[in-house]
Amino acid sequence: MAYVVMATGFCLILIGLYGSLSNRNLMRMIVAFTVADTGVNLVIVAVGYMSGRTAPILDAAVPVAEAAARIIDPVPQALVLTAIVIGVGVTALMLAYVYKLYEAKRTLDIGKFTELKW
Amino acid sequence: MVSALYIIAVAMAAAFFLGLLKDDKRGLAFIVTLATLAFMSWVSAGWLWAFVANAAQPVEIFTAGAQPPFAINLRMGLAEAALTLLINLTGLLSAIYLKDTLLRLGHRAMAVLIIATMALCGIILTRDIFNLFVFFELTAIATGGLILLADENDNARALSAGFKYLIVSQVISVFLLLGILFAYHVTGTLNIDGMNGTQWALLNGGAIAFFMMFIAVIAELKPFPANGWALDIYESAHPAFSAIFSAASSAATIFALDKLLLVGGAD
Amino acid sequence: MIKRFAILVMLLAVAAVFATLTLSYQPDAELNQTARYYAERTASEVGSANIVTAIVVTYRGLDTLGEVTVLFLASSIVGLLLARGRNAKLNPAKPLPASELLVTGSRLLTPLVMLLGVYVFVNGHLTPGGGFQGGSILASGVLLMLLADPLKHFSHHLISALESIAGLFYVAIGVLGIFLAGGFLDNRILPIGELGALFSAGAIPLIYSLIGLKVGAEFSSILANLSATEEL
Amino acid sequence: MSQLTTIVTVVLCITMIVAALMAIRGQSVPIAILAAGLVSLSASVVFLVVASPDVAMTEAAIGSGLTTFLLFFVLARVRGGEND
């Protein structure tokens, strides 16, 4: 199970990176980055997964005594929470940039901003 | 000596406080900015003096009342004190030099400047690799914001340089995050000192995880192939910001690289 | 064409790295030392039923503080970026009024969405969910109001005031942790209470509610700034 | 791990990969954004299957909800340059 989810996560990252680097339209780059971020989150959660165990919530079903034997690794989940919100923060910032770039040059093609070296 | 944690706590409190001020109180906001940056420089100067003059021992600062491998800890040693002093002074001097731009742009730009300086100090102080990643992201976003301090006329160039910078920092953070995660999976801890003990890098998959983290942080230093877009940032951004961007963030990134070498087992 | 070929070659190298990572990965049978510590000690030390919340708010509290600052930065910079253009044009084009269905629907739904958001971040330490999820649900409630009435002028100062007050309280609670309890952001400044009760786990409900308000305010300010822009 | 959840996970993973390909290859940008939203949505269901409810809620609320809306909101503002 963990292998399936991890392999999918890695495929999403590759697809996202290819999409963002090969597209010329700014909006498509950002959409591809969103896909890459989702892929990274999938891989992170897949690494913390142990088959046959349950979610790290202590309640009637998982009493404190047997917690260590029955829950999966909670640390990657805490990291993914932070990674998702950072991804949204950067995406919102990039979208504001796209709006201002379009306002300045009336085009979304990254090639048109050619006064730069790249 | 004031605990080094106050560099981070006071900087955040000041940035959030600036949000409270009305838009017309920009003079007061600027004074608060200068006071915060001066306080941060004073704290790190105090530590530097403690280490140089009366040879104090490096201090570990624990958070959340738990031992380091299970909570985040910061270390204030001689190197950290000197580097944070460099960064805070750079922030303070560029705030003074940026006076008219900051007053024109209002309290939001000042909050961004304070948080950028705090994030760079955080990269140096923290002993936890995921915390290092969070501070790297903070620096990347703050740099994306500070580029806009450029003057009005060549706005398009600053914007496109900023956009390219954000794209490259997104790609770097993908690899850094994966590297951190597989390092955690192999060693079982996120703490830099905890990782240093076991020669984990040679175990299964550990070498690749370390290699990914290493490459990501080196890419942060903007070496030769990636310096196309970095040059444009220097040209289009405000000279004071170029000072922060080149001196302070490179110093912080090199120190982070040194910590990562520690992780790899190179003692 | 060359550029595309170069990208493909680079991605092939990256794919090879990922493949070796996947193949050499073995899920470990037992929790490693950090996860075992959290599994055993959360109930006694922190008192939160949701272990992930205990890690996010208390054990790795500095991460979450940095996290909230990332969102604060994003909303400030978006405000900085979009505010400059706005005062240039004084009379925004009149957007078409929202349809009747949307207005009445959102009038009914917005309070429910807000209630759900508050429920999610108040019970962060008991059930899955917390500040980030509750805050984004709050923001989608504000979003519904924005869609229903595009011309409704959101007072940016109120949103940024709420955001700053929540942030200041969060840092104050953090610093309070140094004096009253073990360290910065330690949640034992309030009694831990017994596991599973609403007012348990020390300051975690308080901290997560502040984070929920702050994240909700930040997303709303990003959306309000974006909605105040004109169609180009 | 019961057969059903494995099948559900495999089906969801395949939809994610197909949607991701559509997201970068889509004929028009709105279709690409919808495909990215679908990727996030099925990712949050996979998170549930992999026993991490917190992450599933976050991914659903922020990943597919807010991000998709932000993208559509800015796309509406930047309509002109869509197909170059």
Side-chain angles (χ1 to χ4, degrees), chain A residues 1-2 4-5 7-9 11-12 15-16 18-20 22-28 30-32 34-35 37-39 41-42 44-46 48-57 71-72 74 76-78 80-81 84-85 87-88 91-92 95-96 98-99 102-103 105-109 112, chain D residues 1 5-6 9-10 12-17 19-26 28-37 39-44 46-59 61-68 70-71 73-75 77-84:
Chain A
M1 173 68 82
V4 171
V5 177
T8 326
C11 293
L12 285 185
I15 294 171
Y18 176 74
S20 63
S22 66
N23 264 320
R24 307 196 63 76
N25 185 328
L26 295 181
M27 285 300 284
R28 284 181 189 272
I30 296 179
V31 169
T34 322
V35 170
D37 276 344
T38 315
N41 300 336
L42 269 170
I44 293 180
V45 173
Y49 179 68
M50 289 178 235
S51 62
R53 289 182 173 223
T54 173
I57 313 281
I71 63 168
I72 64 170
Q77 294 185 27
V80 169
L81 274 178
I84 291 178
V85 181
V88 170
T91 310
L95 284 173
V98 162
Y99 176 78
Y102 185 74
E103 193 178 39
K105 283 274 177 95
R106 281 288 185 263
T107 169
L108 280 183
D109 184 349
K112 293 293 187 305
Chain D
M1 187 44 87
T5 38
T6 322
T9 322
V10 168
L12 281 173
C13 289
I14 293 167
T15 35
M16 266 197 283
I17 291 180
L21 285 172
M22 263 172 57
I24 60 168
R25 268 283 164 274
S28 73
V29 181
I31 290 178
I33 296 175
L34 278 178
V39 167
S40 287
L41 210 56
S42 40
S44 65
V46 168
F47 287 150
L48 261 184
V49 169
V50 177
S52 49
D54 272 282
V55 180
M57 276 182 76
T58 316
E59 179 66 26
I62 293 182
S64 54
L66 273 173
T67 314
T68 314
L70 277 176
L71 287 166
F73 212 82
V74 175
L75 184 67
R77 292 290 188 269
V78 172
R79 206 70 184 152
E82 193 188 319
N83 30 37
D84 54 3

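Computed from a predicted structure; not experimentally measured. In what follows, every chain begins at residue 1, and chains take the letters A, B, ... in the order their sequences are listed.
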If I measure from the heavy atoms of chain D, does [X] come under 4.5 Å with its side chain, its backbone, both, or neither?
X	answer
A:Thr34	side chain
A:Ile15	both
A:Leu42	both
A:Ile57	side chain
A:Asn41	both

Kindly indicate whether the side chain of [X], heavy atoms from C-beta on, has any atom under 4.5 Å from the side chain of [Y].
X	Y	result
A:Val98	A:Ile30	yes
A:Gln77	A:Ile72	yes
A:Val45	A:Val5	no

**Prompt:** Which answer fits D:Val50, side chain, backbone, both or neither, if we ask what part of it has an atom under 4.5 Å from a heavy atom of chain A?
**Reply:** both
**Fill in**
By side chain to side chain contact (heavy atoms under 4.5 Å, CB included), A:Val88 pairs with (sequence neighbours left out) C:Phe219, D:Ile62, D:Thr67
**Request:** Quick one: list whatever passes side chain to side chain contact (heavy atoms under 4.5 Å, CB included) with A:Thr8, sequence neighbours left out.
**Result:** A:Val4, D:Cys13, D:Met16, D:Ile17
**Request:** Count the heavy-atom pairs under 4.5 Å between each of A:Thr91, A:Asp37, A:Leu81, A:Leu95 and chain D, then report the option with the highest count.
**Result:** A:Leu95
**Asked** Is there a donor in the side chain of D:Ser40 and an acceptor in the side chain of D:Glu59, or the other way round, less than 3.5 Å apart?
**Response** yes
